[in-house]
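Below is one structure, written out as structure tokens; comments come after it.
The sequence lines fix the lettering, A, B, ..., with proteins before strands; numbering per chain opens at 1.
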Amino acid sequence: MPELPEVETIRKQLHSKLIGKQWQGRKIVNIRRRAKLLLIDFSDKSSLVFHLKLTGQLLFNGVPGKYTRAVFNFDDGSNLVFNDARKFGWSKHIQNSQAIEKPFGIDALEITLTELKAVFVKKKRTKIKTVLMDQKQLAGIGNIYSDEILFSAKVRPDRLAGTINSQETSKILASVKAILKKAIERRGSSIEYYLDALGQKGDFVSLHRIYHKKQCGKCGGRVERLKINGRTAHYCPKCQQ
DNA sequence: CAGATCACCTGCTTGC
DNA sequence: TGCAAGCAGGTGATCT
């Protein structure tokens, strides 16, 4: 599930709830996101790190259930429940988060036009959807948002990055920022499992225009599917070139 | 080396 | 209805 907007939503909510609480004698001083990782930083410089993969949930004051993998209890009686139906997600407590944060590229919300152009040059022989989802190049975008971004920018997902011209690169960059920001405002996309840290579904699915759609959100034409890098890409052959 | 494919695990949907 | 196959928000290992 969670891509950048979902993890960012959880980060913001946990930031407002957890700062100052104690866990195993350590005080929580910050809640951060790096790519799709969520990091809880403690006063002793250690960090509790989560990756929610496809079906992970992090619930503040949640009630443990069938899919609960871990419960973190705080000094004041509150908790954080980690659920994950498919068990792909993980959490670990580490002494220094530097190494775990290192492999990722520039955050998709922060990347500049110059930096995005450089990524497309470096990965010119790779399909554009794969490049957008490559966490080492730019961090945070997954299958849902890459489809929505490329639809908004009117670019077919199977184009090679090297064929994307300057004007299209600018449109892709604008779409990255606009769609991710809008999705954060709507607290992410709840397809099946995703819930925010307060147990609420995200609203952004109602604004999806191509992902998991049968009809194009612009022209009403039939949405086509392709397998790209093992993932299902959705696109409109009329609106995307 | 880079890009494509498989494997991880479980549950829901689809089609015979 | 029953059951097998297909599909799912991610990513690291293994192939070609």
Side-chain angles (χ1 to χ4, degrees), chain A residues 1-11 33-39 49-59 65-70 82-92 99-105 107-108 119-151 157-163 176 179-180 182-184 186-197 200-214 223-234:
Chain A
M1 71 139 168
E3 303 181 31
L4 184 153
E6 289 76 27
V7 181
E8 183 63 17
T9 297
I10 292 169
R11 184 201 67 76
R33 179 184 59 77
R34 175 74 175 111
K36 299 172 192 172
L37 296 178
L38 186 87
L39 299 100
V49 187
F50 296 87
H51 198 307
L52 302 179
K53 294 292 182 83
L54 278 79
T55 57
Q57 303 173 333
L58 271 182
L59 302 173
K66 185 178 174 186
Y67 304 125
T68 297
R69 307 299 170 197
F82 179 27
N83 295 331
D84 187 12
R86 286 176 72 180
K87 299 181 179 174
F88 287 163
W90 50 261
S91 67
K92 58 176 87 172
I100 211 167
E101 296 184 57
K102 198 173 179 183
F104 299 105
D107 196 81
V119 167
F120 290 178
V121 169
K122 184 179 178 190
K123 306 300 269 184
K124 61 187 172 195
R125 293 186 54 236
T126 306
K127 291 176 178 130
I128 185 68
K129 178 180 171 71
T130 305
V131 174
L132 292 180
M133 292 174 64
D134 184 342
Q135 304 302 303
K136 291 182 173 57
Q137 305 307 318
L138 72 163
I141 297 171
N143 205 33
I144 295 177
Y145 295 102
S146 58
D147 277 359
E148 293 294 328
I149 287 162
L150 290 171
F151 175 78
D158 56 349
R159 293 261 306 276
L160 297 187
T163 72
V176 165
I179 288 172
L180 295 180
K182 192 70 183 173
I184 292 168
R186 297 304 194 103
R187 299 180 352 276
S189 300
S190 287
I191 305 289
E192 193 170 0
Y193 291 93
Y194 170 71
L195 296 176
D196 68 19
Q200 304 292 306
K201 290 187 174 187
D203 283 340
F204 194 68
V205 172
S206 64
L207 297 181
H208 287 183
R209 293 198 291 170
I210 198 78
Y211 179 81
H212 264 210
K213 294 286 189 184
K214 290 207 164 61
V223 171
E224 301 286 332
R225 295 184 177 201
L226 282 173
K227 274 283 183 226
I228 296 178
N229 202 28
R231 314 301 296 281
T232 302
H234 309 74

A:Arg69 and A:Asp84 ion-paired at < 4.0 Å: no

Roughly how many Å apart are [M] and [N], using the [atom1] atom of each and rounding to a whole number?
| N | M | atom1 | result |
| --- | --- | --- | --- |
| B:dT5 | C:dC7 | P | 15 Å |
| C:dG9 | B:dT14 | P | 15 Å |
| C:dT14 | B:dC9 | P | 15 Å |

Stacked pair A:Tyr194-C:dG9, distance under 5.5 Å, angle under 30°: no

Can you tell me how far [atom2] of [N] sits from [atom1] of [X], to the nearest Å?
| X | N | atom1 | atom2 | result |
| --- | --- | --- | --- | --- |
| A:Asp84 | C:dA8 | CG | P | 18 Å |
| A:Arg186 | C:dG9 | CZ | C1' | 19 Å |
| A:Ile184 | C:dG9 | CD1 | P | 20 Å |
| A:Lys87 | C:dG10 | NZ | P | 21 Å |
| A:Phe50 | C:dG10 | CZ | P | 19 Å |
| A:Ile144 | C:dC7 | CD1 | P | 18 Å |
| A:Met133 | C:dA8 | CE | P | 11 Å |
| A:Leu54 | C:dG12 | CG | P | 13 Å |

Base, sugar-phosphate alone, or nothing: which one does [X] contact when heavy atoms must sit under 4.0 Å apart?
| X | value |
| --- | --- |
| A:Asn143 | sugar-phosphate |
| A:Lys66 | sugar-phosphate |
| A:Tyr211 | sugar-phosphate |
| A:Ser190 | base |
| A:Tyr67 | sugar-phosphate |
| A:Thr130 | nothing |
| A:Gln135 | sugar-phosphate |
| A:Lys122 | nothing |

A:Leu39/A:Arg33 under side-chain contact (heavy atoms from CB on, under 4.5 Å): CA gap, chis, key distance, verdict: CA-CA 6 Å; A:Leu39 299 100; A:Arg33 179 184 59 77; 6.0 Å; no

Selection from C:dA8, C:dT11, C:dG9 that lies nearest to any side-chain heavy atom of A:Lys53: C:dT11

Criterion side-chain contact (heavy atoms from CB on, under 4.5 Å) on A:Arg186 and A:Leu207, from CA distance to verdict: CA-CA 9 Å; A:Arg186 297 304 194 103; A:Leu207 297 181; 3.9 Å; yes

Polar contact flag, side-chain donor to acceptor under 3.5 angstrom, A:Glu3-A:Tyr194: no

Whether A:Trp90 and A:His51 hold their rings parallel, tilted or perpendicular, with breakpoints at 30° and 60°: tilted

Phosphate contact (C:dG10 OP1 or OP2) by A:His51 side-chain N/O below 4.0 Å: no

Phosphate-side-chain proximity, A:Arg231 and C:dG9, N/O vs OP1/OP2 below 4.0 Å: yes

A:Arg225 atom CZ, over 12 foreign heavy atoms within 6.0 Å: yes

First encountered from the 5' end of DNA chain B, between A:Glu192 and A:Arg125: A:Arg125

Nucleotide forming a Watson-Crick or wobble pair with B:dC9, both distances under 3.5 Å: none

Test side-chain contact (heavy atoms from CB on, under 4.5 Å) applied to A:Leu150 and A:Lys129, step by step: CA-CA 8 Å; A:Leu150 290 171; A:Lys129 178 180 171 71; 3.9 Å; yes

From A:Arg34 atom CZ to A:Arg11 atom CZ, the distance as rounded to the nearest 0.5 Å: 14.0 Å

For A:Asp107 against A:Ala35, the heavy-atom pair lying closest together: OD1-N, 4.1 Å

Outermost DNA chain B nucleotides near chain A [under 4.0 Å, heavy atoms]: B:dG3 to B:dC12

